[in-house]
Amino acid sequence: MKKYDPITIENKWRERWQKDQTDQTDLVGAKRPFYNLMMFPYPSAEGLHVGNLFAFVGSDIQGRYHRLKGYDVFEPMGFDAFGMHSENFALKHGRHPAELVPKNIERFRETQLKKVGLMLDWSHQVDTTSSDYYRWTQWMFVTLYKNNLAYRKTGPVNWCPSCKTVLASEQVIDGECERCQTLVTKKEMAQWFFKTTAFAKELLEELDVLDWSERTKVAQRNWIGKSEGAEVIFEVIGGPSFEIFTTRPDTLFGATYMVFSPEHPLVDVITTPEQAPKVKAYREEVSRLSEIDRQAENREKTGVFTGAKAINPVNGALVPIWVADYVLMGYGTGAIMAVPGHDTRDHEFAKKFDLPIIEVVSSGQEGFDVQSQAYVGDGKLVNSGPFNGLEAKTEGIKAITSSLAQKGQARFTINYRLRDWCVSRQRYWGPPIPIIYCDKCGIVPVPEKDLPVKLPNLEDYRPDGTGRSPLARDPDFYNTTCPECGGAAVRETDVSDNFLCSAWYFYRYPSTNFDDRPFDPELTKKWLPVDLYVGGNEHAVLHLLYSRWLCRALNYCGYLDFTEPYKRFVAHGMIVSNGAKMSKSRGNIINPDYYITNFGADSFRMYLMFMGAYLEGGDFRDSGVKAMKAFLDRLVAAVLKDGEPDQNAPTDPETRYVLHSTIKAVGQDIVRFSYNTAIARIMELVNHLTKNQIHNQVINETLVRLLAPFAPHLAEELWESIGREKVFSSSWPEYDEEALRRNEVEYVIQINGKLRGKLNLASGLTPEQIEPIVLASPTVSKWLEGKNVIKKIYVPDKLVNLVVK
RNA sequence: GCCCGGGUGGUGGAAUUGGUAGACACGACGGACUUAAAAUCCGUUGACUUUUAGUCAUGGGGGUUCAAGUCCCCCCCCGGGCACCA
């Protein structure tokens, strides 16, 4: 090879690697297992997005680097093909998903993924829509149910009118459906939930020690949303008692009214007959509001008096109970004590409805009046009987809660914002929920031996918006017999959220050969948890949270001996195109196939990694891929220069320095995902070779191996051209610390911190040896005329700063 | 409002622990080669000035330090997470 022709080379090595099964890992015999996972895509018909490739290539570089470092790397791939994205696409084209999905998968794999040069082990592919797989997805459901981690409940749930299904709260973004951006409404329905809240504490606490990108952890922390406080029992005069949740029990003496959420079940019980019509009207008015309207910013407070009064347990004061929609049923206990003196929302409400405001925490500020503004800062308790003088937020909280707790009227609690995961979907394209309803036996999970519950091939699979799945239109599907009593029974007709499919796929990869278990205990012990997971941060509170929860759940059920699925998670950045987010309307969508066909996968990979910091994202510019191809042309020309290369290791200190510092820097940069600087260092090495006409076998062998993780096809070809075999069975080059030591170093000479000159001096000189040289240097001496040196700073082998006056 | 990231030439972006700001590229300009163009190669390229040198420059304003893109305080802007969450 003299001229670099990427297409020929890439075709050649793709076939060779496939034939030699280069990328297939011996899972049983592996000595140093490294599980390198990337987020599997959903096979849309648009094909692979450049964002997918950016993610995959960055992950593949880690896989290839670890292989060169001597690890047995397992790098599998699969397809997340159940779910609304696939179904909606099929609907749009008037086709059936069962017909389109296999075609899309085929196309993804054969014409796209295989052309990128990812070292994927295709002998362990996973397809979530195959019954070999979703049988075990259903097994997860049954297992969770049997262990009391799944339950069915009727209540208000998030409903997307466009997708015609319910959604989990994680799938509602700013009040809109995460798939179609339609405004989500509330609907009262019986749905299946997983108890994600059961592990809220563990999921939150473990974040502190997880080796994950910080921004992913922060997103999860915010989502789980811990707040510490107390539950306090109030009693309605002549009625029941109820609990409220507060983070400020220290302000109990300032509670001048109570508020129930309109959905609170006690509202009907306590409302007096005189107030009943008003309360009823208010509740109806609220129920007509969309969630987004109800929680809109700056919305004026509304509410009505119930006629009932409660007794404040700290002082026996009678306080009126109101109903208002600024209190949400879904958080805490759905009822609050209102302290208008020290809470801005309560203050606003009290002003509007002319309710009393009492100061119980002193601001200590002259002229501050809680009648005009709530005080939320620190301070000492006042108007609080025996607790006056205590530091409110610390001593006050402790003292008041403890005193009530002794009488059984309060307890310290922690509230989490996290909701249980609603997993029912009234759609067709998903794994049917494996539950049977029997009049006699109630809810009966489908026995393991009867799994999978196969998804029937429905001609008409359109969602109808009735709140029931299309499967409810197929009597052949839902009519069945009870596994327990043998009597007539019906199946659950909803399918499960496809985030359940993706919550466990990485356990399946090593165990795809087993059809009698979801994952093999031995292989799981050897390969999991995943060593490195690379993916997008948009899944922070979706897939990444669900899969952490499921791992804990499977551990709780006794199927896993670890509690976190990924040892390390790295969130990559996002690519924009010419400074703007990619979108069809802007017309700046990047078609990866075009660049791969015209410049080769290696140039494309290299450019994707070079255009910006991998963890931050980058700006795709058309000219960049071409420039990268030109660089690889220069690299090929340098390695395959005419004439016999020098077989001896280089002796020139400068060349040795450049070579060994490049090895060191590229290795360090790969480890910290700084691919753009790693590639820049490789460019510098090539520039050095070209400029100095260096043609050396030892350098070439090093250069090719440094290049290999980034441009695998070209590296393999060059490796062969310089007389070696199988670059990925070789090793990562080692650097020689000795070569990094320089005999002569460039000193920066500063006067008063300003750069005034540079001097090349022998390394390792003492300040005493340097001083006369510096003072004698003409560039320096002219700055010293008529001045006194009052201070001298020396940084060894680097810098001298003279402070003069 | 609270919590995370960011803000550096014409552009994408570099800059381990405070120690030469602008690595590596793109683009632009000049030159070589060519009938010409493309490609390739060689230069120049932060701004300003009185140009063998100097002054100013990392969103803005203060500060610490011999020395600040980097540390501290205040403010502005962009991206992301949470948000009537009690």
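Just so we're clear, the structure is a prediction, and the values are computed from it rather than from any experiment. A, B, ... follow the sequence lines: proteins, then strands. Residue 1 opens every chain.
- Remark: the separation of the C1' atoms in B:U11 and B:G62 is 32 Å, to the nearest Å.
- Note on residues 320-334 of chain A: pairs passing salt bridge (charged side-chain N to carboxylate O under 4.0 Å, His left out), not counting sequence neighbours, are A:Arg299-A:Asp325.
- Nucleotides B:U51 and B:C56 place their C1' atoms 15 Å apart, quoted to the nearest Å.
- Taking the six-membered ring for Trp, A:Phe349 and A:Tyr326 have ring centres closer than 6.0 Å.
- Comparing the C1' positions of B:C29 and B:U17 gives an interatomic distance of 41 Å, to the nearest angstrom.
- Salt bridge A:Lys798/A:Glu746: absent, no basic N to carboxylate O contact under 4.0 Å.
- Among residues two or more places apart in sequence or in another chain, the side chain to side chain donor-acceptor pair (under 3.5 Å) test is passed with A:Glu206 by none.
- Across the protein-nucleic acid pair, A:Glu243 atom CD and B:A86 atom C1' stand 15 Å apart, rounded to whole Å.
- With sequence neighbours excluded, the residues satisfying side chain to side chain contact (heavy atoms under 4.5 Å, CB included) with A:Glu214 are A:Lys217, A:Val218, A:Arg221.
- Listed by chain and residue number, nothing satisfies the salt bridge (charged side-chain N to carboxylate O under 4.0 Å, His left out) test with A:Lys791 (two or more places apart in sequence, or in another chain).
- Across the P atoms, B:G69 and B:G22 are found 12 Å apart, a figure rounded to whole Å.
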Below 3.5 Å between N/O atoms, which protein atoms pair up with nucleotides 8-11 of chain B? Just atom names and distances, please.
{"residue": "B:U11", "atom": "O2'", "partner": "A:Arg621", "partner atom": "NH1", "Å": "3.3"}

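- Rounded to a whole angstrom, the distance from the C1' atom of B:U45 to that of B:G81 is 42 Å.
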Which atoms of nucleotides 45-55 of chain B (N or O only) lie under 3.5 Å from a protein N or O atom, and what are those distances?
{"residue": "B:U55", "atom": "OP1", "partner": "A:Arg756", "partner atom": "NH2", "Å": "3.4"}
{"residue": "B:U55", "atom": "OP2", "partner": "A:Arg756", "partner atom": "NH1", "Å": "3.2"}

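- In this structure, A:Tyr614 and A:Phe54 have tilted ring planes: the angle between them lies in the 30° to 60° band.
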Can you pull every protein N or O that's under 3.5 Å from an N or O on nucleotides 38-43 of chain B?
none

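- Taking a pair as Watson-Crick or G-U wobble with both distances under 3.5 Å, the runs of three or more consecutive pairs in RNA chain B are B:1-7 with B:76-82, B:10-12 with B:24-26, B:27-32 with B:40-45, B:46-49 with B:53-56, B:59-63 with B:71-75.
- A:Lys398 NZ: 12 or fewer foreign heavy atoms inside a 6.0 Å radius.
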Exercise for review: Summarise protein proximity over nucleotides 14-24 of chain B in one line of letters, 5' to 3': B for base, S for sugar-phosphate only, - for none, counting protein heavy atoms closer than 4.0 Å.
Suggested key: SSB--BB--BB

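- Remark: the separation of the P atoms in B:C71 and B:G5 is 11 Å, to the nearest Å.
- A salt bridge is defined here as a Lys NZ or Arg NE, NH1 or NH2 lying under 4.0 Å from an Asp or Glu carboxylate O, and A:Arg741 with A:Glu737 fails to meet this definition.
- Legend: residues meeting side chain to side chain contact (heavy atoms under 4.5 Å, CB included) with A:Thr247, ordered by chain and number and at least two apart, are A:Ser227, A:Phe245.
- B:C33 and B:A37 have their C1' atoms separated by 12 Å, given to the nearest Å.
- Taking atom P in both B:A14 and B:G9, the straight-line distance is 14 Å, to the nearest Å.
- In this structure A:Glu243 satisfies the side chain to side chain contact (heavy atoms under 4.5 Å, CB included) test together with A:Glu231, A:Ile233, A:Thr333, A:Arg411, sequence neighbours excluded.
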Under 3.5 Å, which protein N or O atoms sit close to an N or O of nucleotides 71-74 of chain B? Give each pair with its distance.
none

